[in-house]
Amino acid sequence: MPALSPASSSSSPSPSSPLSREPVVAALRAAGCVFAEDEAELLLSAARTPTELAALVERRVAGLPLELVVGWAGFCGLRIAVEPGVFVPRRRTEFLVTQALAQAPDASVVVDLCCGSGAVGAALADRLGPVELHAADIDPAAVRCARRNVAAAGGRVHTGDLFRALPGELRGRVDILTANVPYVPTGEIALLPAEARDHEPQAALDGGADGLDVLRRVAAEAPRWLAPGGCVLTETGEHQAPAAVDAFARAGLATRLAVCEESDAHVVIGVR
Ligand code: GLN
């Protein structure tokens with residue numbers, strides 16, 4: 001691995017940028033990082049000293065997801081704090097946020113189930129302005145992380161299994177219900193990138209035999225929690241989309257599928 005400290009670096013760093021870029025790029029590229037230049041910029045801006053930089057590069061080269069190395073992920077223009085053992089918000093999921101805002105631009109009660117880091121709820125509150133925001137996850141590590149991310153919006157984060165985590169007084173009042181459920185079919189978990197397989201909790205990815213176990217449970221209960229005209233949105237995979245739409249329709253929701261080709265995002269939207 002190329003030397004990372006300026007003292008032993010072959011390029012001579014300028015006084016204003018004591019942390020040398022080239023060896024970082026080279027180390028990342030050698031480790032197989034496709035966006036080595038972009039990642040190097042991020043690591044350089046995250047490190048305050050050469051020692052810190054070397055530590056960050058070492059963790060990235062060892063395969064830790066970039067977001068966990070720097071401690072945050074960009075999502076809808078926000079910096080979302082991420083922590084080890086918590087699902088890293090995907091850029092793709094920004095499409096779900098956009099769709100929710102288009103469907104219910106005046107929402108005042110927002111619930112984010114399977115919240116992970118809380119990115120979706122935080123982004124919705126950021127766009128909507130003052131709202132009553134609730135997020136929930138079954139995993140205490142996610143709940144802790146989400147609390148950091150929804151604090152600015154005054155959001156509350158609950159621990160528990162889907163709707164069981166929520167205060168009962170939310171029944172019939174929710175304007176936007178989002179659930180980025182785990183939707184990878186169990187048999188396809190092994191095909192995920194190593195970053196997801198090795199560093200994200202299986203429970204945040206594994207959606208059962210056809211990937212729709214959790215989605216079906218969300219669909220079945222959503223109508224009881226939605227306000228009249230309220231909407232529920234979940235992300236799904238391309239091949240699962242017809243079955244996901246069917247699950248929403250069976251729950252009595254007016255259902256449609258929104259697709260973003262560019263980010264390969266499929267979002268099922270159900271309206272009560
Ligand atoms: N394969 C999906 C992804 O990595 C998994 C997302 C999910 O299960 N919510 O984006």
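Counting starts at 1 for both ligands and their atoms, following the listed order. Side chains are part of it too, since the values below use all heavy atoms of this structure and drop only hydrogens, waters and symmetry mates.
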- Message: Would you say CZ of R197 has more than 12 non-hydrogen atoms from neighbouring residues, nucleotides or ligands within 6.0 angstrom?
- Response: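 It does: R197 CZ has more than 12 such atoms within range.
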
- In terms of heavy-atom contacts, does CD of E262 have more than 12 from other residues, nucleotides or ligands at under 6.0 Å?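 Result for CD/E262: open.
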
- Query: Is D246 paired with R250 through a side-chain N to carboxylate O contact shorter than 4.0 Å?
  - Reply: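 Judged by the 4.0 Å cut-off on N to carboxylate O distance, R250 and D246 do form a salt bridge.
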
Which bit of [X] is near ligand 1, meaning a heavy atom under 4.0 Å away: side chain, backbone, both or neither?
{"X": "A204", "answer": "backbone"}
{"X": "L192", "answer": "side chain"}
{"X": "E235", "answer": "neither"}

- Is V157 close to D137 at the side-chain level, that is, under 4.5 Å between some pair of heavy atoms?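 No - every pair of side-chain heavy atoms lies 4.5 Å or more apart.
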
- Task: Decide yes or no on salt bridge (charged side-chain N to carboxylate O under 4.0 Å, His left out) for R60 and E195, but give the supporting numbers first.
- Result: CA-CA 10 Å; R60 180 63 184 127; E195 288 172 344; 2.7 Å; yes

- Task: Apply side chain to side chain contact (heavy atoms under 4.5 Å, CB included) to the pair V131 and I176, showing each step before the final yes or no.
- Result: CA-CA 11 Å; V131 287; I176 296 178; over 6 Å; no

- Under the salt bridge (charged side-chain N to carboxylate O under 4.0 Å, His left out) criterion, do E83 and R148 qualify, and how do the steps go? CA-CA 10 Å; E83 295 176 11; R148 294 173 61 192; 2.7 Å; yes

- Message: Rounded at 0.5 Å granularity, tell me how far CG in L96 sits from SG in C260.
- Response: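 Atom-to-atom, L96:CG and C260:SG are 11.5 Å apart.
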
Looking at [X], which atoms of ligand 1 are within less than 4.0 Å of one of its heavy atoms?
{"X": "V184", "result": "1 (N), 5 (C), 8 (O)"}
{"X": "L205", "result": "8 (O)"}
{"X": "R92", "result": "2 (C), 3 (C), 10 (O)"}
{"X": "P182", "result": "8 (O)"}
{"X": "N180", "result": "9 (N)"}

Please list the nearest protein heavy atom to [atom] with its residue and the distance rounded to 0.1 Å.
{"atom": "atom 4 (O) of ligand 1", "answer": "R90 NH2, 2.9 Å"}
{"atom": "atom 9 (N) of ligand 1", "answer": "V181 O, 3.0 Å"}
{"atom": "atom 8 (O) of ligand 1", "answer": "Y183 N, 3.0 Å"}

- Do any nitrogen or oxygen atoms of F87 come within less than 3.5 Å of a nitrogen or oxygen of ligand 1?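 For ligand 1, there is no N or O atom that lies under 3.5 Å from one belonging to F87.
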
